[in-house]
2 protein chains.
Amino acid sequence: MDSLKVLPCDDGCPVRLTAELVGHKWTTLIVRELISGKKRYSELQRGIPGISPRILAERLKQLEQHQLLKKTIFPTIPPTTEYELTSLGQEMKQLIYAMAAFGQSVQAAGIEVAA
Amino acid sequence: MDSLKVLPCDDGCPVRLTAELVGHKWTTLIVRELISGKKRYSELQRGIPGISPRILAERLKQLEQHQLLKKTIFPTIPPTTEYELTSLGQEMKQLIYAMAAFGQSVQAAGIEVAA
DNA sequence: CAGGATCCACAATGATACTG
DNA sequence: CAGTATCATTGTGGATCCTG
């Protein structure tokens with residue numbers, strides 16, 4: 001499929017949609033953490049240095065609402081939660097790989113990005 | 001290549017880099033317009049309903065600085081400019097297709113996105 | 001441990017008017 | 001035509017403190 005008809009973008013545009021889903025600052029990093037398997041809140045926090053608890057919780061909530069990840073709460077004391085990608089969330093892997101590939105091309109080209 | 005080592009993300013992460021390059025609201029739509037060939041400022045403006053002249057100019061300038069597109073000015077009266085993707089910019093096509101594909105999967109799944 | 005509640009700061013966008 | 005200047009507004013993120 002090489003047609004540009006893949007991109008009927010304007011509103012309801014799948015590209016826009018994707019940008020809205022994963023365009024927030026830490027979202028891709030969270031997804032990346034989960035690609036290797038389910039993780040707990042604190043594991044994610046440790047795995048993503050610099051993220052604040054508020055943002056982490058916010059992104060996780062959004063991803064859950066969009067059914068890109070599944071949250072499991074174990075009513076233990078202290079509480080335990082687990083996050084894992086849904087099958088739809090797994091499809092983001094391809095997207096993240098594409099982003100990684102393009103980013104590497106840019107790096108290889110030696111482009112300065114620091115605004 | 002199936003390794004997760006493709007994603008050594010943290011800082012200097014290619015995924016983050018890509019997000020910074022195309023994460024702005026209208027960037028992907030602008031790139032999409034240019035995939036089909038070079039276009040002028042006013043053509044882009046017409047092709048992307050809702051974008052303000054300031055934002056369009058800002059995005060174009062960023063894309064040019066990042067060497068993702070090339071700007072050509074014809075010193076005619078009235079002035080004429082043309083924008084076209086560089087070879088590096090062309091590589092964004094793959095990324096945009098991946099975004100489109102994922103977005104379509106999400107749409108097919110019937111996910112509600114309107115926050 | 002896993003977050004929720006607050007408050008602040010600033011970047012990003014939008015709208016409009018204006019100019020070489 | 002191809003932008004720039006200005007202003008208002010919102011979104012998004014950061015830091016901190018607090019709680020079941």
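Quick note: numbers below take in every heavy atom, side chains included, and nothing from hydrogens, waters or symmetry partners. In what follows, chains carry the letters A, B, and so on, assigned in the order in which the sequence lines appear, proteins first and then strands, with residues in each chain numbered from 1.
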Decide salt bridge (Lys or Arg N to Asp or Glu O under 4.0 Å) for B:K38 and B:E82; before the verdict, give the C-alpha distance in whole Å, the side-chain angles of both, and the deciding distance to 0.1 Å. CA-CA 6 Å; B:K38 57 179 61 171; B:E82 272 183 0; 3.7 Å; yes
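Atom CD in A:E64 sits about 10 Å away from atom P in C:dG4, given to the nearest Å. For the pair A:Q62 CD and C:dG4 P, the computed distance is 13 Å after rounding to whole Å. Here the P atom of nucleotide D:dA15 and the CD atom of A:E58 are 15 Å apart, to the nearest Å. Between B:K38 atom NZ and D:dA2 atom P there is a gap of 14 Å when expressed in whole angstrom units. Rounded to whole angstrom, the span from the CD1 atom of A:I77 across to the P atom of D:dG20 amounts to 13 Å. As a whole-Å value, the separation of A:L44 CG from C:dC1 P is 14 Å. Rounded to an integer number of Å, the gap from A:I73 CD1 to D:dG20 C1' is 12 Å. In this structure, NE2 of B:H24 is placed 13 Å from P of D:dT12, rounded to the nearest angstrom.
Side-chain contact between B:P79 and B:I73 is absent, with no heavy-atom pair separated by less than 4.5 Å.
A donor-acceptor distance shorter than 3.5 angstrom exists from the side chain of A:T18 to the backbone of B:G103, with no hydrogens or angles considered.
Distances shown here put a side-chain N or O of B:R40 below 4.0 Å from the OP1 or OP2 atom of D:dA2. Residue B:K61 places at least one side-chain N or O under 4.0 Å from the OP1 or OP2 atom of D:dT4. For B:S42 and D:dA2, the shortest distance from a side-chain N or O to OP1 or OP2 is below 4.0 Å.
Across all strands, B:Y83 comes closer than 4.0 Å only to sugar-phosphate atoms, never to a base (heavy-atom distances).
Of all heavy-atom pairs spanning B:M99 and A:V15, the tightest one is CE-O, 3.5 Å.
Of the candidate nucleotides C:dA2, D:dC1, C:dG4, C:dA2 has the atom lying nearest to any side-chain atom of A:T81.
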How does each nucleotide of nucleotides 14-20 of chain C score, in 5' to 3' order, for protein heavy atoms under 4.0 Å: base (B), sugar-phosphate only (S), or none (-)? BBB---B
